[in-house]
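Scroll down for the structure; my scribbles are underneath it.
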Protein chains: 2
Amino acid sequence: MLTQSEENYLKAIYSLTEEDSEIVSTNMLSEKMKTKPSSVTDMLRKLADKSYVSYLKYQGCELTDKGKDYALQIIRKHRLWEVFLVDKLNFGWEEVHEIAEQLEHIKSSKLTDELDSFLNFPKVDPHGDPIPDKNGNFSNNLKTKQLSLTNINDEVVITGVEDGSIEFFQFLKHCEIGLGTKVKIIAKYNFDQSVLISINKKEIILSKQVSQKIYVQ
Amino acid sequence: MLTQSEENYLKAIYSLTEEDSEIVSTNMLSEKMKTKPSSVTDMLRKLADKSYVSYLKYQGCELTDKGKDYALQIIRKHRLWEVFLVDKLNFGWEEVHEIAEQLEHIKSSKLTDELDSFLNFPKVDPHGDPIPDKNGNFSNNLKTKQLSLTNINDEVVITGVEDGSIEFFQFLKHCEIGLGTKVKIIAKYNFDQSVLISINKKEIILSKQVSQKIYVQ
DNA sequence: ATTAATTTTTAGTCTTGTCTAAAAATTAAT
DNA sequence: ATTAATTTTTAGACAAGACTAAAAATTAAT
Ligand SMILES: [Mn+2]
Ligand SMILES: [Mn+2]
Ligand SMILES: [Mn+2]
Ligand SMILES: [Mn+2]
């Protein structure tokens, strides 16, 4: 059994591997974890000792199979709890991440599996992210195409958003953007890479930063 | 916001106050928390600094109003989660305590209140213990009369059991003892203070230790 | 190929929560 | 009222997880 801190590092390494490169550097981790690089070094040595990561001084780290499995179980719990909060306890999708950060560390595989069953084995969380099953397998990520990469006149459905800051979610709410929302791309402005879209017959301009955090299909 | 450890100390002080005396000694706490007395002293100083307990060297400690409120919120969460696990996730009452010990530390009052509402504002947890409301108020404890204090020919209903070890719960399960179970006292044996009772037409002898941990009305 | 900039690691410190061993205070027993 | 036993506190240490500052290794730039 790992500590919460160790679990958070594993999760961070996993998500950096997905977003970026195969191999994760100390600085990348330090930024993600909001700790200093020296703290990361300490932790990596510890996780390497316990064989959750492979780590060579100055060369960065990588999750072992054991580490990846562990990370996926944390992610599974995180996302299941997010579904629980939204579906059963009337939370908005903007409120759940913070609480799931706490709940993901509860240790009981029976709890996780019963929760999964209670929620009818959901495939995605409230932000469109896939939920790994008991064995760490999950269906293909629907969050592959960013809204920023669509073309004029495309008509798309929103399949996911970046799971993060409250301010961003409040903005989305104001724009009436949610999972399943239909959107048409009206125009793209090259000078700042913003896009003009129409939602529910209203037209809105989204900045590049925003359109990169929204996924469509 | 307090740490998990601080919260556990507050809870321990609260329950010792209920079981035993107004004032809680260092040794009592040390035994309850399974830490050494010297660790307790350290923690008491810290909690006193933050004004959750009043504490005088060598004189023991007592929760302040602030400390009592805080403890009741932890207890509220603990018991609500126990109800959730039993009512919604198919857990047995013997399995939930350990997990609730983790869940009680999740920090979100909205979560607690939504959970309360989702569970239809239960008044007691799976062991018959009362659940404090948002403001820390709870209805009178039904766990007042121990089975060991009943008389021959009494017909009583089980309203609670001590919430603790797994082995004890397994024994209860084997005896078909649960909340609401009707029991008749057939005989009492003074030499070892065991009692002979009938449950569902079966007769069982319960030791003194057991009959003191079962509450009836 | 050196030098400069960046990244990463080491060394040492701090806080939290625990421990052991020894000292001090309190309580119980003669 | 002393002495003895018990309880509680102090003093000092340790592990986890963070930090700062300095050293070492790597990478980039001349
Ligand atoms: Mn999240
Ligand atoms: Mn999510
Ligand atoms: Mn319990
Ligand atoms: Mn209980």
Side-chain angles (χ1 to χ4, degrees), chain A residues 1-14 16-17 19-63 67 70-71 74 101-102 104-105 107, chain B residues 1-14 16-17 19-63 67 70-71 74 101-102 104-105 107:
Chain A
M1 286 291 124
L2 300 186
T3 65
Q4 294 201 184
S5 188
E6 291 169 324
E7 291 186 345
N8 286 333
Y9 275 94
L10 289 187
K11 209 171 36 132
I13 297 169
Y14 181 89
L16 285 172
T17 305
E19 298 164 19
D20 288 81
S21 52
E22 187 88 3
I23 267 173
V24 176
S25 76
T26 300
N27 263 8
M28 283 159 69
L29 252 178
S30 143
E31 200 171 321
K32 187 93 170 184
M33 291 296 297
K34 286 165 188 183
T35 58
K36 300 292 162 180
S38 54
S39 308
V40 172
T41 302
D42 286 349
M43 183 56 85
L44 285 180
R45 226 198 331 241
K46 187 156 46 133
L47 291 173
D49 281 351
K50 299 183 180 178
S51 72
Y52 289 95
V53 305
S54 60
Y55 162 64
L56 286 170
K57 266 189 187 184
Y58 295 102
Q59 304 305 131
C61 71
E62 204 177 345
L63 291 176
Y70 202 112
I74 307 295
E101 287 290 311
Q102 300 178 59
E104 72 189 4
H105 301 292
K107 282 163 176 78
Chain B
M1 287 289 125
L2 300 185
T3 65
Q4 293 202 185
S5 188
E6 290 169 324
E7 291 185 345
N8 285 334
Y9 274 94
L10 290 186
K11 209 171 38 135
I13 297 169
Y14 182 89
L16 286 172
T17 305
E19 297 165 21
D20 289 82
S21 52
E22 185 88 5
I23 266 171
V24 175
S25 76
T26 300
N27 263 9
M28 283 159 68
L29 252 178
S30 140
E31 200 172 320
K32 187 94 171 182
M33 291 295 298
K34 286 164 188 180
T35 58
K36 300 292 162 180
S38 54
S39 308
V40 172
T41 302
D42 286 349
M43 183 56 86
L44 285 181
R45 229 204 323 249
K46 187 157 45 135
L47 290 173
D49 281 350
K50 299 184 180 178
S51 71
Y52 289 96
V53 305
S54 59
Y55 162 65
L56 285 171
K57 265 188 186 185
Y58 294 102
Q59 305 304 133
C61 71
E62 203 178 346
L63 290 177
Y70 201 112
I74 307 294
E101 287 289 312
Q102 300 179 60
E104 72 189 3
H105 300 293
K107 283 163 175 80

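Keep in mind the model is a prediction, meaning the values are calculated, not measured. Naming convention: chains lettered A, B, ... in sequence-line order (proteins, then strands); numbering from 1 in each chain.
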### Approximate separation, where rounding is to 0.5 Å, of B/Met43 CE and B/Leu29 CG
10.0 Å

### Summary
Value for CD1 (A/Ile74) from CG (A/Leu2), rounded to nearest 0.5 Å, stands at 7.5 Å

### Task
Given side-chain contact (heavy atoms from CB on, under 4.5 Å), test A/Ser25 with A/Gln59 step by step and report yes or no.
CA-CA 7 Å; A/Ser25 76; A/Gln59 304 305 131; over 6 Å; no

### Query
Does B/Tyr14 have any ring-ring contact (aromatic ring centres under 6.0 Å, His included) partners at least two apart in sequence or in another chain, and if so, which?
none

### Base-paired stems in DNA chain D, each at least three Watson-Crick or G-U pairs under 3.5 Å
C:1-30 with D:1-30

Rounded to the nearest Å, what distance is computed from the [atom1] atom of residue [X] to the [atom2] atom of nucleotide [N]?
X	N	atom1	atom2	value
A/Leu2	D/dA16	CG	C1'	13 Å
A/Leu56	D/dT26	CG	C1'	14 Å
A/Tyr58	C/dT8	OH	P	10 Å
B/Gln59	D/dT7	CD	C1'	12 Å
B/Ile23	D/dT7	CD1	P	17 Å
B/Glu31	D/dT8	CD	P	11 Å

For [X] and [Y], indicate whether the former's side chain and the latter's backbone hold a donor-acceptor pair under 3.5 Å.
X	Y	answer
A/Ser30	A/Thr26	no
A/Glu6	A/Leu47	no
B/Glu62	B/Tyr55	no

### Query
Do any of residues 4-13 of chain B sit with a heavy atom less than 4.0 Å from DNA chain C, and if so which?
B/Ser5, B/Tyr9

### Message
Between B/Val53 and B/Val24, is the side-chain contact (heavy atoms from CB on, under 4.5 Å) condition met? List the steps.
### Response
CA-CA 11 Å; B/Val53 305; B/Val24 175; over 6 Å; no

Please output the side-chain donor-acceptor pairs of residues 31-38 of chain B that fall under 3.5 Å, not counting sequence neighbours, one pair per line with the distance.
from, atom 1, to, atom 2, distance (Å)
B/Lys32, NZ, B/Ser15, OG, 3.1
B/Lys32, NZ, B/Glu19, OE2, 2.8
B/Thr35, OG1, B/Tyr9, OH, 3.3

### Message
Can you list everything that forms a side-chain hydrogen bond (donor to acceptor under 3.5 Å, both in side chains) with A/Glu104? Sequence neighbours excluded, please.
### Response
A/Lys11, A/His78

### Members of residues 35-43 of chain B that approach DNA chain D, where some heavy atom sits under 4.0 Å away
B/Pro37, B/Ser38, B/Thr41

On the nucleotide [N], are OP1 or OP2 found under 4.0 Å from the side-chain N or O atoms that [X] carries?
X	N	answer
A/Lys57	C/dT7	no
B/Tyr55	D/dT9	yes
A/Asn27	C/dT8	yes

### Message
Counting only side-chain heavy atoms from C-beta out, which of D/dT26, C/dT10, D/dT8 sits nearest to A/Arg45?
### Response
C/dT10

### Query
What do the steps show when you test B/Cys61 against B/Ile23 for side-chain contact (heavy atoms from CB on, under 4.5 Å), and what is the final call?
CA-CA 6 Å; B/Cys61 71; B/Ile23 266 171; over 6 Å; no

